[in-house]
Amino acid sequence: MTVGTRSPARLLTSACTACFVALATICTAQIRGDHQERLPVHPYPTSRNYLGPAWFVNVAPEAGLNMLNVNGEPTIKKYIIETTGSGVAIIDYDHDGWPDILLLNGTTLDGEPSVDPRPTNHLYRNNHDGTFTDVTSAAGLTATGWAQGACVGDYDNDGYDDVYITYYGKNRLYHNERNGTFKEVAGPAGVAGNGRAWGTGCAFVDYDRDGKLDLVVANYVQLDLATLPKPGEGLTCIWKGTPVMCGPRGLPYTTNILYHNLGEGKFEDVSQLSGITKTNGHYCLGVSTLDYNRDGWPDIYIACDGTPSILYRNNKNGTFTDVAPDASVAYDEDGREQAGMGSTVGDYDGDGWPDIFKTNFSDDISSLYRNNKDGTFTSTIFDAGLGLNTQYLGWGTTFFDLNNDGWPSILIANGHVYPQVDAAHLGASYREPRLLYLNLGNGKFKDISKDSGPGLTQPASGRGLAIADFWNEGRISAVVNNIDEKPMLLVNLAPNTNHWLGIVTQGTRSNRDGIGARVTLFASGRKWVQEVRSGSSYISSSDLRLHFGVGSATAIDRLEIFWPSGIEETFTPTGIDRFVTLVEGTGTPMAQAR
């Protein structure tokens, strides 16, 4: 893959009225594989007026992201379906090397929205200049319904990413037709579900390592609006003495789903055979995949609302065992259930092993689990300085390197579920700021939210969150899907002089996206480890490309990659501050398959 010319662009932001500074630094690099030119631009230039490490502004209006999220009535939420909001997915749907944005949408209870036109999901094509074009109609994505979560993956290995969308109702699988359009194929593919389970988070994952992406789907509750009590009509319908919508406690649960990819566009429901359904009685939301024990087989972590979280350990034989209690990631450090929403996986302490961060309901702390490298985790939320801000209700979240210093920080989208909290003065706000925790590189974080720009402090009721380097320049931006409002596109205008490397994985024996691959980067006496994953955050899916900040390093010593097929090989890239493509089977072999 090649990174090409950085061309000038012209655009104004709401927080910065200066015009663009034209840049013309040409840098090219390729590591065996498809040669694809990309032309990074700087549509939202950094400024020395903003001292680092972060100054985020919301440029969604200027960028053309103008979808109005509709999730029932905006001022009062009578039913739980109106409160969970919608996710966001990053997908390079036209395969041009520039990340595009899919924002999910809900509808109204009576089926007759007060907004015109009817609410749908919205696909925004990246124009390469800081703006996006709404291509929803042209892409064939105009269906209306209670869309919840999304995950991205090339399930048929044709080189174009597809997208799965969960619903309250039947789920949908959109096959990328490779001509700018999608075809809905969930029914024929066998992944639509029965229409009674309420799908939330999802992830494509090759759990049996056969080269074909399988699909895991989290389910929340079984919901029947005809029999559901109204606010205040029951013990689970009152919060701090105020009548509120009912649930999830008191509502019937349902189990999660695992679909095995049979090839030829078909899937088989193996939920029972795989042992997934042995874990029941949970209300499940965000899904994150990870190889937590480094045995080469992908495992599945699911954040659950009001019930213990789940960690499905891959038994390497097509079955899973929920080991969350034994691994110490089911509860908080006092052994209490939490109301988990979203989760993210990253190596926050730099030891090469994946750690887990989880968002929870208000009046509770978030969760941070450090990997002990022996199949267990330790709760380090207080040691890391993250036992703060308990007034906020967290949803989408991600580990990301905000200034390329080589240490992943944490971004969280917040927002309450009860609009009544404002009028009743219940110690919380319905619309809340985002939180940004800076990784200090010593196992601790610092809350820099209030000093990092209006994109973080502007109140909103956020839900889904996903990240990407939208302009291929080494700067990570975030998209937040706000319930009953328009979305945010958060861009960091604070400058830094650190370096980075972007990585695209391309499987040959493994699945085409390389989902599940573990990449280790060595530079300047340090190493960084990341995994390629679909899904994660809160019912959202970020850019499948990996982003490594490497600080002051000016060269990469080597890259080691463990592919889902079991192949292990080394690549030696030239140059830095660019994207490279790693094609399975074209590196230097390290070891035979496990």
Side-chain angles (χ1 to χ4, degrees), residues 87-95 99-102 104 121 123 139 141 148-166 171-178 182-186 189-192 199-218 257-268 270 286-291 298-300 345 464 466-468 503-519 530-537 539-546 563-565 581-582 584:
V88 54
I90 308 301
I91 176 173
D92 181 9
Y93 85 101
D94 53 0
H95 202 56
D100 310 299
I101 299 171
L102 176 63
L104 304 189
N121 304 324
L123 177 63
L141 298 173
Q148 298 291 285
C151 48
V152 173
D154 182 3
Y155 74 89
D156 58 351
N157 292 324
D158 67 354
Y160 281 71
D161 282 329
D162 313 295
V163 61
Y164 185 79
I165 303 179
T166 62
N171 302 323
R172 294 169 182 166
L173 175 62
Y174 287 99
H175 178 259
N176 193 325
E177 297 291 281
R178 299 185 288 179
F182 290 85
K183 182 180 180 180
E184 207 286 295
V185 296
V191 294
T200 51
C202 65
F204 283 102
V205 56
D206 184 5
Y207 76 88
D208 57 352
R209 292 174 34 177
D210 66 352
K212 300 185 295 292
L213 285 176
D214 311 301
L215 180 63
V216 58
V217 182
I257 303 173
L258 182 65
Y259 294 108
H260 178 238
N261 192 333
L262 301 174
E264 304 298 325
K266 302 290 185 181
F267 290 80
E268 176 188 13
V270 294
V287 175
S288 292
T289 61
L290 74 163
D291 182 7
D299 312 296
I300 303 166
V345 176
I467 59 171
I503 293 176
V504 180
T505 52
Q506 183 177 315
T508 52
R509 285 178 53 184
S510 302
N511 66 86
R512 178 62 178 261
D513 283 324
I515 289 173
R518 182 175 68 244
V519 178
Q530 293 187 43
E531 298 175 16
V532 183
R533 65 176 48 86
S534 166
S536 198
S537 183
I539 58 176
S540 296
S541 198
S542 291
D543 194 349
L544 291 176
R545 304 177 302 178
L546 298 180
W563 295 95
S565 65
T581 293
L582 308 183
E584 184 179 18

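Both backbone and side-chain heavy atoms feed into the values below; hydrogens, waters and symmetry mates do not. The model shown is predicted, which means the values in this text are computed figures rather than measured ones.
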Strictly distance-based, threshold 3.5 Å: is any side-chain N or O of [X] a donor or acceptor partner for the main-chain N or O of [Y]?
X	Y	value
Ser534	Phe204	yes
Asn176	Asp161	yes
Ser510	Ser565	yes
Arg512	Asp154	no
Asn157	Gly211	yes
Ser541	Gly535	yes

Only counting residues at least two apart or in another chain, list the ones meeting ring pair (Phe, Tyr, Trp, His ring centres under 6.0 Å) with [X].
X	result
Phe182	none
Tyr207	His260, Phe320
Tyr155	His175, Phe267

I'd like to check the salt bridge (charged side-chain N to carboxylate O under 4.0 Å, His left out) partners of [X]; sequence neighbours left out, ordered by chain and number.
X	answer
Arg172	none
Asp291	Arg518
Glu584	none
Asp208	none

Item to check | Any residue meeting side-chain hydrogen bond (donor to acceptor under 3.5 Å, both in side chains) with Asp94, in chain and number order, not counting sequence neighbours | outcome: none
Nearest-0.5 Å distance that lies between atom [atom1] in [X] and atom [atom2] in [Y]:
X	Y	atom1	atom2	value
Glu531	Ser288	CD	OG	10.5 Å
Tyr160	Ile91	OH	CD1	12.0 Å
Ser542	Ile90	OG	CD1	6.5 Å
Glu177	Asp162	CD	CG	9.0 Å
Gln530	Arg545	CD	CZ	13.0 Å
Asn511	Asp156	CG	CG	11.5 Å

Does the side chain of [X] reach to within under 4.5 Å of the side chain of [Y], using non-hydrogen atoms?
X	Y	value
Gln506	Leu582	no
Pro298	Arg533	no
Tyr259	Val270	no
Val88	Ile101	yes
Asn261	Asp206	no
Arg178	Asp158	yes

Next on the checklist: Looking at every non-hydrogen atom in both residues, tell me the closest pair between Leu141 and Leu102 and how far apart they are.
Outcome noted: CD1-CD1, 4.2 Å
Checklist entry - Taking all atoms of both residues into account, what is the closest heavy-atom pair of Val152 and Ala89, and its distance? => result CG2-CB, 4.0 Å
Partner set under side-chain contact (heavy atoms from CB on, under 4.5 Å) for [X], not counting sequence neighbours:
X	result
Thr200	Trp198, Ala218, Tyr220, Leu285, Ile539
Ala186	Leu173, Glu184, Val191, Ala192
Ala203	Val216, Val287, Thr289
Val532	Thr505, Ile515, Ala517, Leu546

Item to check | Ion pair Lys266/Glu264, N-O distance below 4.0 Å | outcome: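 The answer is no: the pair does not qualify as a salt bridge.
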Checklist entry - Under the side chain to side chain contact (heavy atoms under 4.5 Å, CB included) criterion, do Leu215 and Leu258 qualify, and how do the steps go? => result CA-CA 6 Å; Leu215 180 63; Leu258 182 65; over 6 Å; no
